[in-house]
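Have a look at the structure below before the remarks.
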Amino acid sequence: MRHARPPAAHRAPRTGRSGAGLLTENPVVTNLVRFPAASVAPSGDLIEADVAREAASSLLDDLSATGLDDAGGIVLMPLSATPFKRAYEVEEAAAGDPDDAVVWDVIKAQAAASVRPTITFHLFLLVATLIAGIAVLTDSSILVVGAMVVGPEFSTVAAICTGIVLGKPRLVAGGLKLLVFGFAAVITVTALIAAGGALLGWFDAADLTRARPQTGFIYRPDRWSLMVALLAGIAGVLALSSDKANALVGVFISVTTVPAAANLALGLALWATDEIKGSLAQLGVNIVGMIVAGTLTLLVQRFAWVHVDRASQRLFRTSRSSTSPR
């Protein structure tokens, strides 16, 4: 269940039907409340309703078709729990399962936010790359994991996938630009810092090129690197689209984009050509693999998810009513 809260304005709708009319007596809607003339700017009614997550995308499309997105506003608010009988009835009336539902308006909003070149994004990416650089020099797998978790790049990768699937070239271009310039900037800064550290005698090229059993994989891409990138792309997109953010931690510590960028920066600073070439290859394999897998996952969710869900329910012969708390 998700809470749709659209403040409706009194303007002629494009379809001739009001937003309130779409919600009234709709089997996937409950707890419908209307506050006449409660909205001041824009002027109009304030309407609140609980809507089954499975039906949210189609209902939002219908509301937008009335002109509500131009004349008024639509706000989505997630609900953590709905322990009442009518909520279970609403979920039963909606096709599919709430855990599998994708609210495409939310995905688009997340994608748009993830391609903005914010200071926060660049700082997180820089900090993650610096941590990974220390991990490389100390051959610390724990620090590699920490750098992976801090890195913010996956949301931008997911935004590129979203732009491809939804036909939004600005999202694709914005995401690619942010990744290219973001990584180029942090690699440059990290390389300069590393060069300074080398001049101070903190480390030298031997510390980078020596045998590193815990972190050597960072600049040695192989078929398993590609497989992990593909699987991470699938898992990450599923986590974002189904609102399962806790699964993203596993995605972050699966791919070596940030560690590869750090290894590349150190290779540039100390001019270790094998490290440079291997790190570039690892970085490319991870980003391309995640984009390909994430895009394919979103394509399945957009065009075949309903059929997959129906097949799954037929296979296991289960109903949500039998597993509800009531």
Side-chain angles (χ1 to χ4, degrees), residues 114 118-158 178-200 202-222 224-226 228-229 231-233 235-236 248-291:
S114 298
T118 62
I119 296 175
T120 302
F121 175 89
H122 289 97
L123 284 177
F124 269 116
L125 190 58
L126 177 59
V127 170
T129 305
L130 291 173
I131 293 173
I134 297 172
V136 168
L137 293 172
T138 59
D139 195 31
S140 171
S141 58
I142 294 177
L143 288 179
V144 168
V145 172
M148 292 174 175
V149 173
V150 173
E153 75 281 0
F154 184 79
S155 60
T156 305
V157 170
L178 182 57
L179 285 181
V180 171
F181 284 94
F183 273 108
V186 300
I187 288 171
T188 300
V189 173
T190 303
L192 291 173
I193 293 174
L199 288 174
L200 292 173
W202 291 1
F203 51 84
D204 56 29
D207 293 310
L208 181 64
T209 58
R210 78 187 194 282
R212 303 197 322 259
Q214 300 299 318
T215 58
F217 66 93
I218 290 172
Y219 69 101
R220 295 171 184 165
D222 53 21
W224 300 117
S225 301
L226 177 60
V228 170
L231 293 172
L248 283 174
V249 176
V251 176
F252 296 155
I253 61 177
S254 298
V255 291
T256 55
T257 48
V258 166
N263 205 77
L264 173 59
L266 291 171
L268 290 170
L270 302 171
W271 200 247
T273 55
D274 288 342
E275 304 279 339
I276 294 172
K277 294 176 183 177
S279 300
L280 278 172
Q282 184 74 281
L283 189 60
V285 164
N286 277 277
I287 291 177
V288 172
M290 287 190 293
I291 290 176

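Below, all heavy atoms of this structure are taken into account, side chains as well, without hydrogens, waters or symmetry copies. Start at 1 with the first residue, then count along the sequence.
Considering all non-hydrogen atoms of both residues, Gly133 and Ala262 come closest at N-CB, 3.4 Å.
Partners of Ser141 by side-chain contact (heavy atoms from CB on, under 4.5 Å), not counting sequence neighbours, listed by chain and number: Gln214. Residues satisfying the side-chain contact (heavy atoms from CB on, under 4.5 Å) criterion with Leu226, sequence neighbours excluded, are Leu230, Val285. A search for side-chain contact (heavy atoms from CB on, under 4.5 Å) contacts involving Leu143 returns Ile131, Ile134, Ala135, Thr138, Ser140, not counting sequence neighbours. With sequence neighbours left out, Thr120 forms a side-chain contact (heavy atoms from CB on, under 4.5 Å) with Thr118, Phe124. With sequence neighbours left out, Asp204 forms a side chain to side chain donor-acceptor pair (under 3.5 Å) with no residue at all.
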Quiz item: Please walk me through it: do Glu153 and Leu125 pass side-chain contact (heavy atoms from CB on, under 4.5 Å)?
Solution: CA-CA 7 Å; Glu153 75 281 0; Leu125 190 58; 4.3 Å; yes
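Annotation: side chain of Ile276 is not in contact with side chain of Tyr219 (no heavy-atom distance under 4.5 Å). Residues Val157 and Leu179 meet the side-chain proximity criterion, which asks for heavy atoms closer than 4.5 Å.
Here salt bridge (charged side-chain N to carboxylate O under 4.0 Å, His left out) pairs that include residues 135-149, with residues two or more places apart or in two chains, number zero. Residue pairs meeting the side-chain hydrogen bond (donor to acceptor under 3.5 Å, both in side chains) criterion with at least one member in residues 124-135: none, sequence neighbours excluded.
No donor-acceptor pair closer than 3.5 Å links the side chain of Arg220 to the backbone N or O of Phe217. Asn286 places a side-chain N or O within 3.5 Å of a backbone atom of Gln282 that can act as its donor or acceptor partner.
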Donor-acceptor pairs under 3.5 angstrom involving side-chain atoms of residues 263-270: please list them, not counting sequence neighbours.
unit_1: Asn263; atom_1: OD1; unit_2: Arg212; atom_2: NH2; d: 2.9
unit_1: Asn263; atom_1: ND2; unit_2: Glu275; atom_2: OE1; d: 2.6
unit_1: Asn263; atom_1: ND2; unit_2: Ser279; atom_2: OG; d: 2.9

Under 3.5 Å donor-acceptor pairs involving side-chain atoms of residues 180-191, not counting sequence neighbours:
unit_1: Thr188; atom_1: OG1; unit_2: Ala184; atom_2: O; d: 2.7
unit_1: Thr190; atom_1: OG1; unit_2: Val186; atom_2: O; d: 2.7

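Note that CD1 of Ile287 is 4.0 Å distant from CG of Leu283, once rounded to the nearest 0.5 Å. Atom CE in Met290 sits 12.0 Å away from atom CG in Leu231 (nearest 0.5 Å). Between Ser155 atom OG and Phe121 atom CZ the span is 6.5 Å, to the nearest 0.5 Å.
Taking a 6.0 Å sphere around CD1 of Ile119, one finds it holds 12 or fewer heavy atoms contributed by other residues, nucleotides or ligands.
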